[in-house]
Amino acid sequence: MTMTYEEFKAQRLSIDMTRGKPAPEQLDLSQALIDDVGQAGYRSRDGIDCRNYGHVLGLPEARELGAQLLGLPADQVVAAGNSSLELMHDALAFAMLRGTAQGEPWARTADVAFLCPVPGYDRHFAICEALGIRMIAVPTNDDGPDMERVEALVAADPAIKGIWCTPLYGNPTGAIYSHETVRRLARMRAAAPDFFLLWDDAYRFHHLTQERYATPDIVAACTEAGHPDRALVFASTSKVTFGGGGLAFLASSPGNIDWWQRCVSVRTIGPDKLNQLRHVHHLRDRAGLERLMQRHRAILQPKFEALDASLRALLGDVPGVSWTKPKGGYFVSLFVPDGHAKRTVELAAQAGVVLTPAGAAFPYRVDPRDRHLRIAPSCPSPAQIELAALAIGLSLRRALEEGARGAR
Ligand code: PLP
C-alpha cells in the first residue's frame, strides 16, 4: 500500500459516503424540469387544472406513465407524491391502524412481524421499528432471499404479515431475484390471510451494464397463484429525475387500489399534480426514461468501476474479504472478516471518510457477525471514491492488526 493509515489521516480529508444520493451531474440531467416549467403549464391532457385539489390517485397521464414503467394497467397504478418510501410507510401504517383490504387492523393483535432479508435497506427496517413491527432477519443470496427459510416461517406463523423485497439490484448487495424466487414468493402458503410482499422496485431502471435485467411481473405472478392481493409494488423517479423531488408510484390489484383510495383519501385531498404534469412532460414515456437512464449510467458506471478496481488493488489479497459487483442500483456490499466492520467504520471516520454505520443494513442495526459495510459510490467523484477506498483499505487492515494484537 502506497500510504500508511497515519499518513492518510494527516491529510485531514472530509468525504461523505453514507447515503446513495445522485451526484450533482445526474441532477443536472433533469434541469429541464425547472427550466421548462412554463412549457408544461398547468392543464392536463384532459383539461384538469393541476393547480387545484383533487385526483387523489394521480393525474391520468401520470398514472399511464407509471403503467408503462411498471407494466400494469393504469387503473392499477397510483401516481403519488415525491417519495416511494412514504408510500411504504403509509401502507404499513394503514394496515396497522385501519386494516388491509382483507382483514382487521394488525395493531389489534399482540404480535405483528415482518421478514427482513439481510443485508437490506435500513429505512425499511426503520419503518418496522417505528410502527412496532417485530423484525425477523432472513439471509439474502444472489438470487433473492433464502426461500426455504421464508416458506417455512411464513407457512408456520400467522403473526408474519409480510416480507420486504427489493427485487432488482437490491440495496445494498445488488441481488437480482431469480424467476424461481419470484414464483415461490407468489405461490407460497401464508398462515396470515393478509400477508403482503412489499415489493420495492426502487432500481427497476438503474442498470450499470449493457444488459437490462428485469424481474417477472409480481402482481401477475401473485394473481396466477391465487393470491391477487399479495403484492404492493413501489417505485419512484428519485434516482431518475431529482432525489426527493421526483414522482412516486404504487401498483397493485384492483382490490388493493380501492383499499388505498379509501385510506389515503383521509390523509390528503390529492397529490402535487403540477409535479406530475412536469414529469410527464419531461420523461414522456418509458423510452424517454430509458434514454435518460443511459445518461445516468454513463456517469455512474465509471464510479463503480473505480471502486471495484481500488478495492481489488487494496484488499484483493486479504483473506475473508469480498465485495459485490452489482449490475445495477446504487450500492456495493463489502464483507470483512467477522468482528471487524464496526471498528473499520470508526477508523475510517477518524481518517475523514464517513461510511454508513456498520450494522445499518440489519434489523435493529445489529449485524450479528459484524462483517458488513455498505458503500455508496454514486455521489462522490471517481477521485474521491479512490481516496475513500484507500481509507477503507487502510482502516480495515488497521482493524485486523488490532484484532490480531488483541488475540495474542
Ligand atoms: N427504496 C430503496 C431500496 C432505496 O434504496 C431508496 C433510496 O435510497 C428508496 C426506496 C427511497 O425512495 P424514494 O426516494 O422514492 O422515497
Side-chain angles (χ1 to χ4, degrees), residues 22 24 26-91 94 201-202 204-206 219 232-296:
Q26 292 178 265
L27 303 174
D28 288 345
L29 299 176
S30 289
Q31 183 60 25
L33 270 176
I34 295 169
D35 294 346
D36 300 346
V37 162
Q39 284 180 33
Y42 59 85
R43 288 247 177 241
S44 81
R45 182 189 58 199
D46 309 320
I48 297 166
D49 187 337
C50 297
R51 299 171 301 182
N52 220 333
Y53 281 134
H55 295 271
V56 79
L57 298 186
L59 211 53
E61 55 261 60
R63 296 177 75 185
E64 282 164 27
L65 174 65
Q68 277 191 37
L69 300 181
L70 298 174
L72 284 164
D75 56 5
Q76 284 177 242
V77 177
V78 178
N82 69 319
S83 157
S84 60
L85 191 70
E86 179 177 89
L87 301 178
M88 297 175 226
H89 175 277
D90 284 356
F94 293 152
D201 225 345
R204 190 174 170 93
F205 298 103
H206 304 63
V219 177
L232 290 174
V233 178
F234 304 92
S236 82
T237 69
S238 278
K239 294 183 185 85
V240 175
T241 55
F242 296 150
L247 174 54
F249 298 103
L250 161 75
S252 193
S253 64
N256 281 340
I257 299 297
D258 288 348
W259 164 73
W260 181 265
Q261 179 160 15
R262 267 200 319 280
C263 294
V264 87
S265 301
V266 177
R267 183 186 173 282
T268 176
I269 313 171
D272 178 354
K273 294 185 296 301
L274 289 167
N275 191 39
Q276 296 190 349
L277 192 64
R278 284 196 292 271
H279 271 77
V280 172
H281 209 258
H282 177 57
L283 297 171
R284 298 202 175 276
D285 51 21
R286 182 170 174 148
L289 180 137
E290 285 176 349
R291 274 195 300 278
L292 179 54
M293 293 315 289
Q294 281 185 19
R295 301 178 70 195
H296 281 280

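Closest non-hydrogen pair, D75 versus R63, comes out as O-NH2, 3.6 Å. Considering every non-hydrogen atom in both R284 and L65, the closest pair reads O-CD1, 4.0 Å. Pairing each heavy atom of W259 with each of A91, the nearest pair is CH2-O, 3.8 Å. Shown here for S84 and A248, the closest heavy-atom pair between the two residues is N-CB, 3.5 Å. Across every non-hydrogen atom of V77 and I257, the tightest pair is N-CD1, 4.5 Å. Contact detail for N275 and G245: the closest heavy-atom pair is ND2-O, 3.8 Å.
One finds the CG atom of L85 at 5.0 Å from the OG atom of S83 (value rounded to the nearest 0.5 Å). Between atom CG of residue L250 and atom OG of residue S236 there is a gap of 12.5 Å, rounded to the nearest 0.5 Å. Atom CG of residue L247 and atom NE2 of residue H282 lie 11.5 Å apart, to the nearest 0.5 angstrom. To the nearest 0.5 angstrom, D258 atom CG is 11.0 Å from C263 atom SG.
The side-chain heavy atoms of P271 and Q276, taken from C-beta on, include a pair separated by under 4.5 Å. Between L289 and L69, the closest side-chain pair of non-hydrogen atoms falls below 4.5 Å. Residues E61 and L277 have side chains in contact (heavy-atom distance under 4.5 Å, counting atoms from C-beta outward). A 4.5 Å side-chain heavy-atom check between F249 and D201 finds every atom pair outside the cut-off.
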Side chain to side chain contact (heavy atoms under 4.5 Å, CB included) assessment of H296 paired with H206: CA-CA 8 Å; H296 281 280; H206 304 63; over 6 Å; no
Evaluation steps, side chain to side chain contact (heavy atoms under 4.5 Å, CB included), between L57 and Q261: CA-CA 7 Å; L57 298 186; Q261 179 160 15; 3.5 Å; yes
Let's go through F242 and N82 carefully: what are the C-alpha distance in whole Å and the side-chain angles of both, what is the deciding distance for side chain to side chain contact (heavy atoms under 4.5 Å, CB included) to 0.1 Å, and is it a yes or a no? CA-CA 9 Å; F242 296 150; N82 69 319; over 6 Å; no
Can you check side chain to side chain contact (heavy atoms under 4.5 Å, CB included) on R43 and D49, steps first, answer last? CA-CA 5 Å; R43 288 247 177 241; D49 187 337; 3.6 Å; yes
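At least one donor-acceptor pair under 3.5 Å links the side chain of D285 to the backbone N or O of A287. For R286 (side chain) and G71 (main-chain N/O), no donor-acceptor pair under 3.5 Å exists by modelled atom type. Remark: side-chain polar atoms of K273 are paired, donor with acceptor, to backbone N or O of G54 under 3.5 angstrom. Between the side chain of S238 and the main chain of G246, no donor-acceptor pair closer than 3.5 Å is present.
Checked against S30 for a side-chain contact (heavy atoms from CB on, under 4.5 Å), the options L292, L283, V240 give a single hit: L292.
Remark: R45 engages E64 in a salt bridge (Lys or Arg N to Asp or Glu O under 4.0 Å) (not counting sequence neighbours).
When only modelled atom types and interatomic distance are considered, H279 and T241 share a side-chain donor-acceptor pair under 3.5 Å.
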